[in-house]
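Structure, as structure tokens:
Here, residue 1 is the first one in the sequence, and each next residue gets the next number. Both ligands and their constituent atoms are indexed starting at 1 by order of listing.
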Amino acid sequence: MAESEYSENKKICRKCLIAAQLEAVDVAAELDSFLAMLKPEDLAGEDLFTKRISICKDCSYLLGATCNACGCYVEFRANVKHGNCPKKKW
Ligand code: SF4
């Protein structure tokens with residue numbers, strides 16, 4: 001984006017990019033599509049997934065549904081059998 005678009009005279013909404021992303025992306029549907037592409041043997045399984053997400057829920061890097069250490073949605077990462085935590089917590 002050109003520097004002039006961020007001039008002092010132009011107000012920038014602090015939430016515009018997030019709002020546009022939320023309008024454009026249905027994260028739950030994206031997760032369903034992602035999971036449908038994986039082979040059953042590549043899925044973490046319910047017990048492993050639940051264990052991972054419980055660790056994420058207590059982690060200081062969790063920001064909403066996103067890992068602030070890597071930028072991933074944790075439910076995407078935790079569903080993959082060979083997925084890993086960027087901070088080696090699971
Ligand atoms: S993936 Fe790891 S670092 Fe990220 S929120 Fe979960 S436990 Fe924390």
Side-chain angles (χ1 to χ4, degrees):
M1 195 169 283
E3 186 176 334
S4 61
E5 293 182 50
Y6 290 105
S7 72
E8 290 180 22
N9 296 328
K10 185 173 181 179
K11 290 192 173 189
I12 303 292
C13 171
R14 293 178 185 267
K15 300 176 185 170
C16 286
L17 294 177
I18 293 171
Q21 183 181 12
L22 291 176
E23 281 177 20
V25 178
D26 179 343
V27 177
E30 291 287 322
L31 177 59
D32 287 342
S33 297
F34 173 71
L35 294 177
M37 289 189 299
L38 295 177
K39 296 176 191 164
E41 61 267 29
D42 292 332
L43 291 169
E46 193 65 34
D47 289 346
L48 182 56
F49 172 78
T50 300
K51 181 179 175 186
R52 289 172 170 177
I53 290 300
S54 67
I55 294 169
C56 290
K57 283 182 172 178
D58 289 335
C59 179
S60 61
Y61 285 98
L62 187 67
L63 186 64
T66 306
C67 172
N68 210 19
C70 67
C72 289
Y73 288 110
V74 294
E75 286 163 317
F76 282 63
R77 182 178 283 269
N79 263 301
V80 179
K81 184 190 245 176
H82 298 296
N84 57 23
C85 162
K87 295 296 178 182
K88 303 191 182 325
K89 295 187 176 189
W90 50 260

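- Take N84 and apply the side-chain contact (heavy atoms from CB on, under 4.5 Å) test, not counting sequence neighbours, and it matches R77.
- Closest approach of A78 to W90, counting heavy atoms only: CA-CH2, 3.8 Å.
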Sequence neighbours excluded and cut-off under 3.5 Å, please list the side-chain donor-acceptor pairs for residues 30-51, or say none.
from	atom 1	to	atom 2	distance (Å)
S33	OG	A29	O	3.1
T50	OG1	E46	O	2.8

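- Under the 4.5 Å side-chain heavy-atom criterion for Ile, Leu, Val, Met, Phe, Trp and Tyr, Y61 and V80 are members of distinct hydrophobic clusters.
- Side-chain contact between F76 and T66 is absent, with no heavy atoms from C-beta onward closer than 4.5 Å.
- Protein N/O/S atoms closer to atom 4 (Fe) of ligand 1 than 2.8 Å number 1 in this structure.
- Listed by chain and residue number, Y73 satisfy the side-chain contact (heavy atoms from CB on, under 4.5 Å) test with A65 (two or more places apart in sequence, or in another chain).
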